[in-house]
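Since the structure comes first, as structure tokens, the remarks are kept for the end.
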Amino acid sequence: MRLRHNLPLQILIALVLGTGAGLLWPQGHALIGGWQPYSLFDFLGTLFLRGLRMVIVPLIAGSIITGVAGAGQGSGLGRLFTKTFAWYVTTSLLAILLGLLLVNLIQPGLQHGVAVGPRLGLTLQDADLAAKLQDKSTGDLVGIIQRMVPVNPVAAAADGQMLPLIFFCLLFGIAIGKLDPEHRASQLRFWESLFAVMMRITGWVILTAPLGIFGLMAKVTATSGFAAFAPLLKYALTVLAALVLHAVITLPLLVRTIGRLPAGRHARTMLPALLTAFSTRSSSATLPLTMDRIENGAGVSNRVSSFVLPLGATINMDGTALYECVAALFIAQAYGVHLGFGAQFVVVLTALLASIGAAGIPAAGLVMITIILDAVGLPLEGIALILAVDPVLDMCRTAVNVWSDSCGAVVVARSEGEAGVLSNKSSNK
Ligand code: ASP
């Protein structure tokens with residue numbers, strides 16, 4: 001399809017045009033006849049997000065079930081799981097440690113050695129904060145594990161709860177692999193066809209990405225402009241610097257050394273997914289594009305991609321983990337609280353857990369910071385400090401989250417002996 005060849009360029013243009021349009025016509029700005037361009041931005045952005053959400057549940061169910069059921073009747077799954085999990089934890093920890101290093105070096109919470117808290121309105125009380133937190137945080141590790149087992153798988157699917165859905169589909173796929181040949185064949189045929197249908201529909205939704213991304217970008221800049229970001233510039237730059245270093249040095253280095261794969265080519269293949277993550281601020285919503293690029297662009301098998309990516313979109317969040325650590329230490333610095341080695345160690349561990357527990361939706365990482373603040377005894381109101389710059393940082397950390405998932409997919413595929421990954425034939429489709 002010709003349209004798809006130009007997709008990265010179209011999305012880039014949409015990003016730039018959307019940012020400009022939002023700045024030109026902020027929310028409330030009316031043109032001829034009282035018509036507000038903001039309503040169009042909102043319409044396009046919402047429609048695109050709804051399209052992505054529409055395909056997610058059946059796409060993931062089909063993908064995991066066919067992937068697991070076809071993976072040699074469940075054999076080798078344990079190995080795949082170990083490799084995938086090792087990638088998740090290692091890369092998230094590396095990201096956190098990088099964030100820790102930079103936030104200690106740059107000290108964004110201090111100005112000339114004085115805590116910046118009072119200047120940023122540290123006493124601010126956000127009445128809605130508690131309610132918002134309740135809404136999005138998925139809680140502690142025990143809670144996360146408990147909620148992975150759905151009481152009702154259909155309800156979990158209907159509510160779009162990803163972890164219970166993934167868990168059930170994994171079981172379902174394994175069970176199919178254990179059936180007698182007759183039943184196994186009919187189940188496999190059904191799920192493979194369903195998956196094929198969903199990939200086709202996903203392809204159609206992806207074609208509308210430039211319009212949707214234009215709307216989403218315009219909405220962000222039309223709502224907050226640039227003014228809101230000024231006082232938190234040093235903090236935001238610390239997060240951004242760490243994210244960039246992790247994305248362009250750490251991860252590519254791992255792809256090159258462990259996977260022996262061309263990281264640059266991989267990045268070009270993934271560009272549409274990364275830009276979509278950036279503008280939707282949601283790893284889960286980006287999942288259809290991530291899967292499309294990994295399978296149709298990088299040439300990874302469905303067996304590996306359907307295992308690594310849906311799980312990764314929910315629990316592997318390098319960008320979020322790094323951000324949690326920097327944000328918590330920034331808040332401590334701004335309050336004038338010195339966190340010693342022990343407390344920083346607690347921050348590292350809780351940042352890892354919080355990133356695993358954060359849902360792949362916008363601002364989930366922001367609310368998970370409460371777990372860390374709580375663990376080291378900092379006031380939860382500290383979150384109010386970083387609210388203004390969160391949307392922009394959310395965009396960047398979500399792109400890094402998806403980038404890490406995709407790097408994990410190619411590295412794991414390669415370690416499973418898949419020779420066609422990122423070969424001349426497979427990529428740049
Ligand atoms: N928005 C991020 C994601 O979907 C999660 C976060 O808020 O950090 O990956």
Side-chain angles (χ1 to χ4, degrees), residues 1-55 202-230 233 236-237 240 243-244 247-248 267-290 292-293 297 319 361-363 388-403 428:
M1 265 188 277
R2 286 204 58 187
L3 264 176
R4 286 188 76 154
H5 275 133
N6 300 328
L7 198 62
L9 183 66
Q10 289 173 18
I11 292 180
L12 261 178
I13 294 173
L15 263 168
V16 175
L17 289 184
T19 309
L23 289 173
L24 195 63
W25 297 303
Q27 191 176 12
H29 185 98
L31 295 177
I32 323 144
W35 179 75
Q36 298 194 6
Y38 184 83
S39 59
L40 177 69
F41 307 155
D42 189 35
F43 175 75
L44 291 175
T46 310
L47 211 58
F48 177 55
L49 280 180
R50 290 185 72 100
L52 286 171
R53 297 215 170 105
M54 169 180 80
V55 295
T202 303
W204 294 335
V205 175
I206 291 173
L207 286 180
T208 68
L211 280 179
I213 284 170
F214 168 83
L216 289 170
M217 287 308 297
K219 249 179 93 174
V220 171
T221 46
T223 329
S224 39
F226 284 135
F229 311 141
L233 205 60
L237 287 178
L240 288 180
L243 285 175
V244 168
V248 305
R268 280 195 297 281
T269 309
M270 292 310 297
L271 199 60
L274 300 181
L275 293 174
T276 306
F278 183 82
S279 49
T280 58
R281 295 160 56 201
S282 167
S283 308
S284 295
T286 310
L287 190 54
L289 266 101
T290 318
D292 173 78
R293 291 291 68 218
I361 56 172
V389 280
D390 190 65
V392 179
L393 297 182
D394 196 6
M395 291 171 150
C396 302
R397 67 182 186 249
T398 309
V400 174
N401 291 344
V402 170
W403 175 229
N428 302 325

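This is a predicted model, so every value here is computed, not measured.
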- Rounded to the nearest 0.5 Å, how far apart are CG of Leu237 and CG of Leu393? 9.5 Å
- Query: Heavy-atom distance under 4.5 Å between the side chains of Pro210 and Ile13, does that happen here?
  - Reply: no
- Message: Minimum heavy-atom separation for Pro288 and Ile206, please, with both atom names.
- Response: O-CD1, 4.3 Å
- Closest heavy-atom pair and its distance - Gly319, Leu243: CA-CD2, 3.6 Å
- Message: Nearest 0.5 angstrom please: Met217 CE to Leu17 CG, how far?
- Response: 11.0 Å
- Message: Please list all pairs meeting side-chain hydrogen bond (donor to acceptor under 3.5 Å, both in side chains) that have one or both residues in residues 25-39, counting only residues at least two apart or in different chains.
- Response: none
- Message: Can you tell me how far apart CG (Asp292) and CE (Met270) are? Round to the nearest 0.5 Å.
- Response: 9.0 Å
- Query: Where is the tightest heavy-atom contact between Arg397 and Ala363, given as atom of each residue plus distance?
  - Reply: NH2-CA, 4.0 Å
- Atom pair CG (Leu15) and OG (Ser279), whose distance is rounded to the nearest 0.5 Å: 5.5 Å
- Query: For Val400 and Ala247, which heavy atoms make the closest approach, and how far apart are they?
  - Reply: CG2-CB, 4.2 Å
- Backbone N or O of Thr19 within a donor-acceptor pair of the Thr221 side chain at under 3.5 Å? yes
- Item | Euclidean distance, Thr280 OG1 relative to Leu289 CG, rounded to 0.5 Å | 9.0 Å
Extract all donor-acceptor atom pairs below 3.5 Å that involve side chains of residues 42-55 and protein atoms in other chains or at least two apart in sequence.
residue : atom : partner : partner atom : Å
Asp42   : OD1  : Thr46   : OG1          : 3.3
Asp42   : OD1  : Lys219  : NZ           : 2.9
Thr46   : OG1  : Asp42   : O            : 2.5

- Message: Could you walk me through whether Thr286 and Thr276 satisfy the side-chain hydrogen bond (donor to acceptor under 3.5 Å, both in side chains) test, starting with their C-alpha distance in whole Å, then the side-chain angles of each, then the deciding distance to 0.1 Å, before giving a yes or no?
- Response: CA-CA 6 Å; Thr286 310; Thr276 306; 6.0 Å; no
- Message: Nearest 0.5 angstrom please: Leu207 CG to Gln10 CD, how far?
- Response: 8.5 Å
- Item | Nearest heavy atoms of Ala273 and Arg293, plus distance in Å | CB-CG, 4.3 Å
- Please name the residue in the list Leu274, Val248, Thr398 that meets the side chain to side chain contact (heavy atoms under 4.5 Å, CB included) test with Trp403. Leu274
